[in-house]
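These notes concern the structure reproduced below.
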Amino acid sequence: MPTTSVLCLRACLALLAMPIYLLAFLGIWEPFCKKVFFPFFLEKLSAIHERKAKKHKQELFRNLADFTGPSGELKVLEIGTGCGANFPFYPPGCRVTCTDINPNFQQGLAKSISKNQHLRYERFLEAAGEDLHQVPSGSVDAVVCTLVLCSVRDVSAVLREVLRVLRPGGAFYFLEHVAADHSTWKYFWQQIYHPTWKLLFAGCCLTREIWRDLEDAAFSELSVRHIRVALPWTPLEPHIVGFAVK
């Protein structure tokens, strides 16, 4: 349960963001956020995040080609592709299927596709991570999901879909911001920012312990590391990175 001090500071922050809360009450904020604000914000944040997390991503995707299937082609499904920030880290020639629940990233995605001609782009699916029914079971070698599980409705449902679409022996790659240690000031401020941050940024949750969902999923192997990616003026520093094998 949040402490009294957390609740009071939440209320103060909500007062500062009252115009946004009013727009949300009137049903105006959500469509504006999805179509204009969040794609703009994510493109700018991604540029900063990529500089800060570049070494972590290089290390993360270093063995991606090792999961190439019997066909000889690496088939990658990316959940929540956004503006395609992961494309530069994929090995040449791999076949990429992009998905996102928000179709308003198309302009930024098109720019990334044009810059990364070393990949083969299969198609774009407008789909939530909890429902990838357009993707056949056991049809991909790797699933990639970065900075997405913070905002899905049901993390466990997404991981069940990941396991379904992966072939046996395929891998799930992730890099996500997560809750800080509960004994730290970072977590204290995450609790304060949480309701307003979630409203402003399309459901992004600051306090999810996603590593626990990964541990509870039915993967045969899990490699996860807790890291820090310092993003100025945000409560997003604690991250996890790793991969899990079906």
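Just so it is clear, the model here is predicted, and its values are computed rather than measured.
- The two residues Pro39 and Lys35 have their closest heavy-atom pair at CG-O, 3.7 Å.
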Step-by-step side chain to side chain contact (heavy atoms under 4.5 Å, CB included) determination, Val148 to Phe174: CA-CA 9 Å; Val148 172; Phe174 55 88; over 6 Å; no

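- Counting all heavy atoms, side chain and backbone alike, Pro91 lies closest to Leu74 at CG-CD2, 3.6 Å.
- Note on Glu30 versus Lys34: salt bridge recorded, some NZ/NE/NH1/NH2 to OD/OE distance being below 4.0 Å.
- Between the side chain of Ser220 and the backbone N or O of Val245, at least one donor-acceptor pair lies under 3.5 Å.
- Looking at Trp197, its side chain never comes within 3.5 Å of a backbone N or O of Pro235 through a donor-acceptor pair.
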Take Thr234 and Tyr193, measure what side chain to side chain contact (heavy atoms under 4.5 Å, CB included) needs, and give me the verdict at the end. CA-CA 10 Å; Thr234 77; Tyr193 286 128; over 6 Å; no

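- Rounding to the nearest 0.5 Å places CG of Leu214 at 12.5 Å from CZ of Phe243.
- The number of heavy atoms from other shown groups lying within 6.0 Å of CD (Gln58) is above 12.
- Judged by distance alone, the side chain of Asp141 and the main-chain N or O of Gly170 form no donor-acceptor pair under 3.5 Å.
- Shown here for Ala65 and Thr68, the closest heavy-atom pair between the two residues is O-OG1, 2.7 Å.
- Transitive grouping of hydrophobic side chains (ILVMFWY, heavy atoms separated by less than 4.5 Å) keeps Val96 and Leu166 in distinct clusters.
- Residues Trp211 and Val158 share a hydrophobic cluster, clusters being chains of Ile/Leu/Val/Met/Phe/Trp/Tyr side chains in contact below 4.5 Å.
- Proximity of Leu132 to Leu77: side-chain heavy atoms (C-beta onward) are separated by under 4.5 Å at one or more points.
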Please test Val229 against Val241 for side chain to side chain contact (heavy atoms under 4.5 Å, CB included), starting from the C-alpha separation and ending with a verdict. CA-CA 11 Å; Val229 180; Val241 61; over 6 Å; no

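- Under the 4.5 Å side-chain heavy-atom criterion for Ile, Leu, Val, Met, Phe, Trp and Tyr, Phe40 and Phe201 are members of distinct hydrophobic clusters.
- If you chain together hydrophobic residues whose side chains sit under 4.5 Å apart, Val178 and Ile192 never meet in one group.
- For the pair Cys94 and Leu119, the tightest heavy-atom approach, listed with the atom from each and the gap, is SG-CD2, 3.6 Å.
- One finds the CG atom of Leu13 at 4.0 Å from the OG1 atom of Thr196 (value rounded to the nearest 0.5 Å).
- The side-chain heavy atoms of Glu209 and His182, taken from C-beta on, include a pair separated by under 4.5 Å.
- In this structure, Gln190 contributes its side chain and Ala179 its backbone to no donor-acceptor pair below 3.5 Å.
- Glu176 and Arg208 are not joined by a salt bridge, as no carboxylate oxygen comes within less than 4.0 angstrom of a charged side-chain nitrogen.
- Put simply, the residue from Asn86, Leu125, Leu109 that forms a side chain to side chain contact (heavy atoms under 4.5 Å, CB included) with Thr81 is Leu109.
- When hydrophobic clusters are built by joining Ile, Leu, Val, Met, Phe, Trp and Tyr residues whose side-chain heavy atoms come closer than 4.5 Å, directly or via intermediates, Leu7 is not grouped with Trp189.
- Between Leu206 and Leu236, some side-chain heavy-atom pair lies under the 4.5 Å cut-off.
- The distance from atom CZ of Arg228 to atom CD of Glu237, rounded to the nearest 0.5 Å, is 5.0 Å.
- For the pair Leu22 and Trp29, the minimum side-chain heavy-atom distance is 4.5 Å or more.
- Between Arg153 and Glu130 there is no salt bridge, since no side-chain N of the basic residue sits under 4.0 Å from a carboxylate O of the acidic one.
- Of the candidates Tyr121, Tyr173, Phe61, Phe67, Tyr90 forms a ring-ring contact (aromatic ring centres under 6.0 Å, His included) with just one, namely Phe61.
- Side chains of His118 and Asn116 form a contact here, defined as non-hydrogen atoms less than 4.5 Å apart.
- With a 4.5 Å cut-off on side-chain heavy atoms, Ser156 and Asp216 do not count as touching.
- Judged purely by atom type and a 3.5 angstrom limit, Arg10 uses its side chain to pair as donor or acceptor with the backbone of Gln191.
- Remark: the backbone N or O of Asn102 is paired with a side-chain donor or acceptor of Asp100 at under 3.5 angstrom.
- A distance-only check finds a donor-acceptor pair linking the side chain of Arg164 to the backbone of Val135 [under 3.5 Å].
- In terms of heavy atoms, Phe124 sits closest to Pro103 at CZ-CA, 4.5 Å.
- Residues Glu50 and Lys57 are paired through a salt bridge, judged by an N-O separation under 4.0 Å between the basic side chain and the carboxylate.
- Counted by atom type alone, Tyr187 and Thr207 present zero donor-acceptor pairs between their side chains at under 3.5 Å.
- In this structure, the side chains of Arg225 and His56 come closer than 4.5 Å at one or more pairs of heavy atoms.
- Contact record, Arg167 with Gly138: CB-O, 3.6 Å, taken as the closest heavy-atom pair.
- A donor-acceptor contact under 3.5 angstrom links the side chains of His49 and His239, judged on distance only.
- In this structure, Cys33 SG and Ile20 CD1 are separated by 9.0 Å, a value rounded to the nearest 0.5 Å.
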Can Arg212 and Glu215 be said to form a salt bridge (charged side-chain N to carboxylate O under 4.0 Å, His left out), step by step? CA-CA 5 Å; Arg212 300 192 189 279; Glu215 290 168 356; 5.1 Å; no

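- The closest side-chain heavy-atom distance from Leu9 to Phe188 is below 4.5 Å.
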Val162/Ile79 under side chain to side chain contact (heavy atoms under 4.5 Å, CB included): CA gap, chis, key distance, verdict: CA-CA 9 Å; Val162 168; Ile79 298 175; 3.8 Å; yes

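- When atom types are taken as modelled, the side chain of Lys246 and the backbone of Leu163 share a donor-acceptor pair closer than 3.5 angstrom.
- Remark: Thr97 OG1 to Lys75 NZ distance equals 9.5 Å, nearest 0.5 Å.
- Ser112 places a side-chain N or O within donor-acceptor distance of the main-chain N or O of Cys83, the cut-off being under 3.5 Å.
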